[in-house]
Protein chains: 2
Amino acid sequence: MEKFINEQEALEDFLKTTGALYDETRVQLLKFIDKHGAMCICDLQNSFNMLQSRLSRHIKILKDSGFLSIKKDGRWSYYSIRTPLDRFRLQAIEEIRALPISLPELKKISSDCEI
Amino acid sequence: MEKFINEQEALEDFLKTTGALYDETRVQLLKFIDKHGAMCICDLQNSFNMLQSRLSRHIKILKDSGFLSIKKDGRWSYYSIRTPLDRFRLQAIEEIRALPISLPELKKISSDCEI
DNA sequence: GATATATAGATAAAATATCATATATATTTT
DNA sequence: AAAATATATATGATATTTTATCTATATATC
């Protein structure tokens, strides 16, 4: 992500990263977005059977922890895996990519993100 | 660590790993043991200013999540970084090793682990 | 007004720290 | 040698803190 000035920030960043990874829903969301590319909350809402507020909160945690980037276009917010990812976050994504867990089918309603 | 039979176990193992990493005390303990090698709870108690029960519980979590191994000798239990570590846990240890956080001085009272 | 997203408030669930106690082993005393 | 004591570790119970979910509502755009 970025370089750190003090040890406080470095530790906080590490804990924010591991905290984001310590939730089944967020692991599924990361794997799903990594697999399918940029999408909106509403696409996740249609694919996963979860409340919008729940998804929005989890996505915010993934964004704030450096895993996702956002591109807004009108009323849609497209979330995708952030590039570049720092080393450890990338290693985590690769670990999640290798996890043999099943994901729901992608039911996309937003237009493809072209920005 | 080991190979998994079903997706349930694989996800549980991943979450157990990230959960173990999502705690400041455990990150410090991992870094400390990685730096100094095998040691007992009582050494941690002398080095860190923490209650024995607190350290014992955190060490148990690190052991159960695959980061530490234990060798018992009399009334002492020597904990060290488990070998071999699977890829992701090793990457996590390397990340922690690189964290610029300060650690207390090692105040060792147990004899050096020779088993 | 309808849709997409974000967030506040309330509640439930999970994790942590502390106090107290149990267990096992080693050492000292008698 | 047996009994008592000390040491190292583990764990049960409880209070506190943190996190997750849901309901409801707010904000922004079409």
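Residue numbering restarts at 1 for every chain, and letters A, B, ... go by the order of the sequence lines. Nothing here was measured: the structure is a model prediction, and the numbers come from that model.
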Engineer: Does Tyr79(B) make a side-chain N or O approach to OP1 or OP2 of dA10(D) shorter than 4.0 Å?
Structural biologist: yes
Engineer: Go ahead and name the base partner of dA13(C); Watson-Crick or wobble counts if both distances stay under 3.5 Å, otherwise write none.
Structural biologist: dT18(D)
Engineer: When every nucleotide of nucleotides 21-30 of chain D is labelled 5' to 3' by its protein contacts under 4.0 Å (heavy atoms), B for base, S for sugar-phosphate only, - for none, what sequence of letters results?
Structural biologist: BBBB----BS
Engineer: Closest nucleotide of DNA chain C for Gly19(B) versus for Cys42(A): which of these residues is on the 5' side?
Structural biologist: Cys42(A)
Engineer: Under the salt bridge (Lys or Arg N to Asp or Glu O under 4.0 Å) definition, can you give me all pairs with a residue in residues 90-102 of chain A, not counting sequence neighbours?
Structural biologist: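 Sorted result for residues 90-102 of chain A: Asp34(A)-Arg97(A), Glu95(A)-Arg87(B).
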Engineer: Lys71(B) NZ to dT9(D) C1': how many Å, rounded?
Structural biologist: 19 Å
Engineer: Would you call the rings of Phe88(A) and Phe88(B) parallel, tilted or perpendicular if under 30° counts as parallel and over 60° as perpendicular?
Structural biologist: parallel
Engineer: Over how many whole Å does the gap from Leu55(B) atom CG to dA17(C) atom C1' extend?
Structural biologist: 11 Å
Engineer: Checking all strands, does Ser56(B) fall into the base, sugar-phosphate, or nothing category for heavy-atom contacts under 4.0 angstrom?
Structural biologist: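 Base contact.
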Engineer: Without decimals, in angstroms, what is the distance between Ile41(A) CD1 and dT7(C) P?
Structural biologist: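 My rounded result for the distance is 11 Å.
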Engineer: Hey, is the side chain of Tyr22(A) poking within less than 4.0 Å of OP1 or OP2 on dT19(D), counting only N and O atoms?
Structural biologist: no
Engineer: How many whole angstroms separate atom NZ of Lys72(A) from atom P of dT5(C)?
Structural biologist: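 The distance from NZ of Lys72(A) to P of dT5(C) comes to 10 Å, rounded to the nearest Å.
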Engineer: Mind calculating the distance between NZ (Lys63(B)) and C1' (dA10(D)) to the nearest angstrom?
Structural biologist: 10 Å
Engineer: Round to a whole Å and report the spacing from CD1 of Ile59(B) to P of dT9(D).
Structural biologist: 10 Å
Engineer: Going by atom types alone, do Arg54(A) and Thr25(A) pair a side-chain donor with an acceptor below 3.5 Å?
Structural biologist: yes
Engineer: Determine the minimum heavy-atom distance between Asp43(B) and Ile109(B), stating which atoms define it.
Structural biologist: OD1-N, 2.8 Å
Engineer: Evaluate the side-chain proximity of Phe67(B) to Arg26(B): yes if any heavy-atom separation is below 4.5 Å, no if none is.
Structural biologist: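 SC-SC contact between Arg26(B) and Phe67(B) ruled out.
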Engineer: How many whole angstroms separate atom CD1 of Ile70(A) from atom P of dA4(C)?
Structural biologist: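 Rounded to whole Å, this separation is 15 Å.
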Engineer: Would you kindly say whether Ser110(B) and Lys108(B) are connected by a side-chain donor-acceptor distance under 3.5 Å?
Structural biologist: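 A pair is found: one side chain offers a donor N or O, the other an acceptor, under 3.5 Å apart.
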Engineer: What's the CG-P distance between Leu21(B) and dA15(C), to the nearest Å?
Structural biologist: 15 Å
Engineer: I'd like to check Leu85(A) versus Arg82(A) (side-chain heavy atoms, cut-off strictly below 4.5 Å). Are they in contact?
Structural biologist: yes
